[in-house]
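Quick notes on the structure that follows.
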Amino acid sequence: MASANSADRQPSYLPSTVQGAVKILVTGPFGVGKTTLVGSLSEIAPLRTEETMTAAGVDVDDLTGRPDKTTTTVALDFGRITLNPRLALYLFGTPGQQRFWPLWEDLSRGALGAIVVVDTRRIEESFDVLGQLEEQRIPFAVVVNLFPDTPRHPDEELRAALDLLPDVPILHCDARDRREAYDVLIDFVAHLHSAAVLELQR
Ligand SMILES: Nc1nc2c(ncn2[C@@H]2O[C@H](COP(=O)(O)OP(=O)(O)OP(=O)(O)O)[C@@H](O)[C@H]2O)c(=O)[nH]1
Ligand SMILES: [Mg+2]
């Protein structure tokens, strides 16, 4: 597995030739692997705002299926990919817990689209995030983060369960794997591009 680790990353300075930037949101419910995905994709050591989960959250933060999880994002994750000498892609990861959702509007402003990370072991937890994106009219793809005990559902079953429109891409990856994470990002950007071309042709 080509996992990302901070030792093999490039220096973090943005090349002075970069003149523009696009933004993609990485979102989803609590503990599905958003921070992990941003970390796998980012060419710089990502900015993280992780706080240790304490006994105070035991009743609200359901850790079923993620026994190793000890921290949670409280503000955002931030990563960067320099697409070419002139253009950078910024990744903004949201917190998963609803108590931090007031930050959502600021984080999502200007985003080209959103990657919604989903854990199909707890699919119903994704409904609120999907509803929020539809309300804000942000185009999105659903990305199933594959944990070892993730049940494999046909995509069409998942589409029905999540009540997704036919044009919403359903993609799969292990969020810890850089190559798989890149494949997901490339597929999503290609989808956004064809949707924009179709829109122009109307
Ligand atoms: N097996 C496996 N574990 C993963 C994978 N992705 C994340 N994890 C683990 O699952 C836990 C949750 O990952 P995070 O990336 O912190 O999840 P998050 O969505 O950012 O969580 P919040 O910010 O708290 O909502 C961590 O313990 C990760 O190491 C995966 O693809 N496979
Ligand atoms: Mg996180």
Side-chain angles (χ1 to χ4, degrees), residues 1-7 9 23-42 44-81 90-108 111 114-133 140-153 158 162 170-185 187-188:
M1 185 168 68
S3 62
N5 93 49
S6 49
R9 298 194 204 261
K23 170 176 172 180
I24 288 195
L25 205 62
V26 177
T27 188
F30 172 61
V32 288
K34 302 176 293 294
T35 298
T36 307
L37 186 66
V38 172
S40 294
L41 288 170
S42 181
I44 55 171
L47 170 74
R48 290 182 172 155
T49 58
E50 295 293 290
E51 289 295 339
T52 304
M53 292 190 292
T54 64
V58 159
D59 293 334
V60 273
D61 302 332
D62 179 6
L63 287 170
T64 313
R66 332 144 250 202
D68 302 335
K69 189 164 169 59
T70 55
T71 64
T72 188
T73 305
V74 296
L76 81 165
D77 301 305
F78 176 77
R80 189 189 79 208
I81 302 170
Y90 292 131
L91 298 158
F92 282 72
T94 67
Q97 299 171 72
Q98 293 214 356
R99 61 182 179 273
F100 300 123
W101 275 22
L103 297 167
W104 242 79
E105 212 173 309
D106 284 334
L107 286 177
S108 62
I115 288 173
V116 185
V117 186
V118 163
D119 179 347
T120 54
R121 300 171 302 176
R122 303 171 291 119
I123 202 159
E124 66 293 341
E125 293 177 15
S126 311
F127 294 154
D128 289 339
V129 172
L130 294 170
Q132 181 91 358
L133 287 168
F140 62 87
V142 164
V143 174
V144 178
N145 188 15
L146 298 166
F147 291 82
D149 57 340
T150 295
R152 306 296 164 117
H153 301 288
L158 195 56
L162 290 172
I170 299 178
L171 308 167
H172 305 81
C173 74
D174 178 331
R176 300 165 301 174
D177 187 305
R178 181 178 268 179
R179 187 176 295 267
E180 290 187 24
Y182 265 96
D183 285 346
V184 154
L185 182 66
D187 284 354
F188 181 46

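Computed from a prediction, not measured in an experiment: that's the story for all the values here. When a ligand or atom number is given, it counts from 1 through the structure's own listing order. For the single chain, residues carry numbers from 1 onward in sequence order.
Taking 2.8 Å as the threshold, Thr72 does not count as a candidate ligand of the Mg ion (ligand 2), since none of its N, O or S atoms lies below it. With 2.8 Å as the limit, Thr73 counts as an N, O or S neighbour of the Mg ion (ligand 2).
Annotation: the span from Phe147 atom CZ to Asp119 atom CG amounts to 5.0 Å, rounded to 0.5 Å.
Ligand 1 places these atoms under 4.0 Å from at least one heavy atom of Gly96: 25 (O). Close contacts between ligand 1 and Leu146 involve ligand atoms 31 (O), 32 (N) [criterion: under 4.0 Å to a heavy atom]. Atoms of ligand 1 found under 4.0 Å from any heavy atom of Phe30 (numbered from 1 in listed order, with element): 24 (O), 25 (O).
Taking only non-hydrogen atoms, the option from Asn145, Val74, Thr94 nearest to atom 5 (C) of ligand 1 is Asn145. Between the choices Gln97, Glu180, Lys69, Lys34, the shortest heavy-atom distance to atom 16 (O) of ligand 1 belongs to Lys69.
A salt bridge is defined here as a Lys NZ or Arg NE, NH1 or NH2 lying under 4.0 Å from an Asp or Glu carboxylate O, and Arg121 with Asp149 meets this definition.
Of the protein's heavy atoms, at least one falls inside 4.0 Å of atom 20 (O) of ligand 1.
Protein heavy atom nearest atom 15 (O) of ligand 1, with residue, atom name and distance: Thr36 OG1, 2.5 Å. Of all protein heavy atoms, the one lying nearest to atom 4 (C) of ligand 1 is Phe147 CE2, 3.3 Å.
When the shell of 6.0 Å around CD of Glu124 is examined, it contains more than 12 heavy atoms from other residues, nucleotides or ligands.
At least one heavy atom of Pro148 sits less than 4.0 Å from an atom of ligand 1.
Residue Asp174 has at least one nitrogen or oxygen atom sitting less than 3.5 Å from a nitrogen or oxygen atom of ligand 1, judged on distance alone.
Remark: side-chain polar atoms of Lys23 are paired, donor with acceptor, to backbone N or O of Leu107 under 3.5 angstrom.
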